[in-house]
Amino acid sequence: MKILILNGPNLNMLGVREPGVYGKESLQDIEANIQKLSNELDFDYEFFQSNAEHEIVNKVQSALGEFNVIIFNPGAFTHTSIAIRDAMLAVAIPFYEVHISNVFAREDFRKKSYFSDIAVGVISGCGSHGYELAIRDGIKG
Ligand code: DQA
């Protein structure tokens, strides 16, 4: 079981960025928790973050045949990116959409997602725990 954990723009700023909304944990802290979880549950993973839409499209394309599941926090690309949606549809790897904040309790523009209708599941508002919840569901197959 190999899982790609994919993070979009500004998630490299976690811990610094709007801590009242996103909490105090850094992306490195989140990865450290996933490392521990991978030992406990016995899965392989790769952690990838980019601020650039084309890099995420390239990463999704290269995931074909490499990964069983994708855990994806698309950041602001959630609300804008048809290109990444098309990449997800092209590779057809089951994926979970994760948001640290509850996007439905925020601005109206965050209520639109280009991913929710094609995701296996959506977790929003559970903080960094959302990554773990998605992984635990994803490894069930
Ligand atoms: C986010 C929510 C998005 O609306 C926002 O643009 C982000 C982070 C979240 O994890 O809560 O960058 O995906």
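Just so you know, ligand 1 is whichever comes first in the structure, and atom 1 is the first atom listed for that ligand.
- In terms of polar-atom proximity, Ala76 is counted as a contact of ligand 1, with an N or O under 3.5 Å from an N or O of the ligand.
- Both tests hold for Lys112 against Tyr114: distance to the six-membered ring centre under 6.0 Å, angle to the ring axis within 45°.
- Taking the six-membered ring for Trp and thresholds of 30 and 60 degrees, His79 and His99 have nearly parallel ring planes, at less than 30 degrees apart.
- For ligand 1, the polar-atom distance check against Thr78 finds no nitrogen or oxygen pair separated by under 3.5 Å.
- Interatomic distance, CG of Leu27 versus CD1 of Ile100, reported as 7.5 Å (0.5 Å rounding).
- For the pair Lys111 and Phe104, the cation-pi test (distance below 6.0 Å, angle within 45°) is failed.
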The test is side chain to side chain donor-acceptor pair (under 3.5 Å); show your working for Asn68 and Glu66 and say whether it passes. CA-CA 7 Å; Asn68 307 98; Glu66 290 290 318; over 6 Å; no
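- Residue contact check for ligand 1: Phe77 places no non-hydrogen atom closer than 4.0 Å to it.
- Annotation: Asn10 places no N or O atom under 3.5 Å from an N or O atom of ligand 1; distance criterion only.
- Regarding atom 9 (C) of ligand 1, its nearest protein heavy-atom neighbour is Ile100 N, 3.4 Å.
- Residue Val98 does not touch ligand 1, judged by heavy-atom distances below 4.0 Å.
- Heavy-atom separations between Val103 and ligand 1 include at least one value shorter than 4.0 Å.
- Neither the backbone nor the side chain of Glu97 has a heavy atom within less than 4.0 Å of ligand 1.
- Among all non-hydrogen protein atoms, the one lying nearest atom 11 (O) of ligand 1 is Ser101 OG, 2.6 Å.
- Of all the atoms in ligand 1, the ones that sit under 4.0 Å from a non-hydrogen atom of His79 are 3 (C), 4 (O).
- A donor-acceptor contact shorter than 3.5 Å is absent between the side chain of Asn73 and the backbone of Asn7.
- Regarding atom 5 (C) of ligand 1, its nearest protein heavy-atom neighbour is Arg110 NH1, 3.3 Å.
- Taking the ring centre of Tyr22 as origin, the terminal cationic atom of Arg17 falls inside the region bounded by 6.0 Å and 45° from the ring axis.
- Side-chain heavy atoms closer than 4.5 Å link hydrophobic residues (I, L, V, M, F, W, Y) into clusters, and following such links, possibly through other members, connects Phe48 to Phe77.
- Counting protein heavy atoms only, atom 1 (C) of ligand 1 is closest to His99 ND1, 3.7 Å.
- The closest approach between Arg17 and ligand 1 falls below 4.0 Å for a heavy atom of the residue.
- Taking the six-membered ring where the residue is Trp, the centroids of Phe72 and Tyr96 are separated by 6.0 Å or more.
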